[in-house]
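Remember, predicted model here, so these are calculated numbers, not experimental data.
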Amino acid sequence: TDNGVPYLAPDLQLLFKSTAGRPKDALDAAKVIPALDSDEVAFLDRHLPPAHPWRRLLGGTETGP
């Protein structure tokens, strides 16, 4: 941040969280994915497994590469 506080980019953090299957991570995804920019959404689209439940939050994307 401008104040020098380090943080992990939200798309990367969600990718790490996507493997756990915890309800709190699904809630985070539901809140954060709609706020991501197109590059961040594209990153998740490329890296989430094809059948991952969060794909429905990516604007209708149902399959990956």
Side-chain angles (χ1 to χ4, degrees):
T1 66
D2 292 338
N3 296 330
V5 178
Y7 70 95
L8 187 59
D11 53 338
L12 292 174
Q13 183 66 43
L14 285 174
L15 184 61
F16 292 133
K17 289 171 156 261
S18 71
T19 62
R22 301 179 304 185
K24 68 180 186 175
D25 295 330
L27 288 173
D28 288 345
K31 290 179 184 177
V32 173
I33 289 174
L36 296 177
D37 67 30
S38 60
D39 289 337
E40 294 165 330
V41 170
F43 173 84
L44 286 175
D45 185 39
R46 285 190 308 273
H47 292 92
L48 284 176
H52 197 283
W54 295 359
R55 289 198 155 278
R56 65 179 174 75
L57 301 169
L58 298 178
T61 302
E62 296 298 330
T63 59

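The CZ atom of Arg55 lies 8.5 Å from the CG atom of Leu44; values are rounded to the nearest 0.5 Å. The structure places NE2 of His52 at 7.5 Å from OG1 of Thr19, a figure rounded to the nearest 0.5 Å. A distance of 11.5 Å separates CZ in Arg46 from CG in Leu58, rounded to the nearest 0.5 Å.
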Sequence neighbours excluded and cut-off under 3.5 Å, please list the side-chain donor-acceptor pairs for residues 20-27, or say none.
| residue | atom | partner | partner atom | Å |
| --- | --- | --- | --- | --- |
| Arg22 | NE | Asp25 | OD2 | 2.7 |
| Arg22 | NH2 | Asp25 | OD1 | 3.1 |
| Arg22 | NH2 | Asp25 | OD2 | 3.1 |
| Asp25 | OD1 | Lys17 | NZ | 2.8 |

Enumerate, atom names and distances included, each donor-acceptor pair closer than 3.5 Å involving a side-chain atom of residues 31-39, sequence neighbours excluded.
| residue | atom | partner | partner atom | Å |
| --- | --- | --- | --- | --- |
| Asp37 | OD1 | Asp39 | N | 3.1 |
| Asp37 | OD1 | Glu40 | N | 2.8 |

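Listed by first and then second residue, the ring pair (Phe, Tyr, Trp, His ring centres under 6.0 Å) pairs that reach into residues 23-44 are Phe43-His47, sequence neighbours excluded. Note on residues 5-14: no pairs pass side chain to side chain donor-acceptor pair (under 3.5 Å), not counting sequence neighbours.
Across every non-hydrogen atom of Trp54 and Leu48, the tightest pair is CB-CD1, 4.1 Å.
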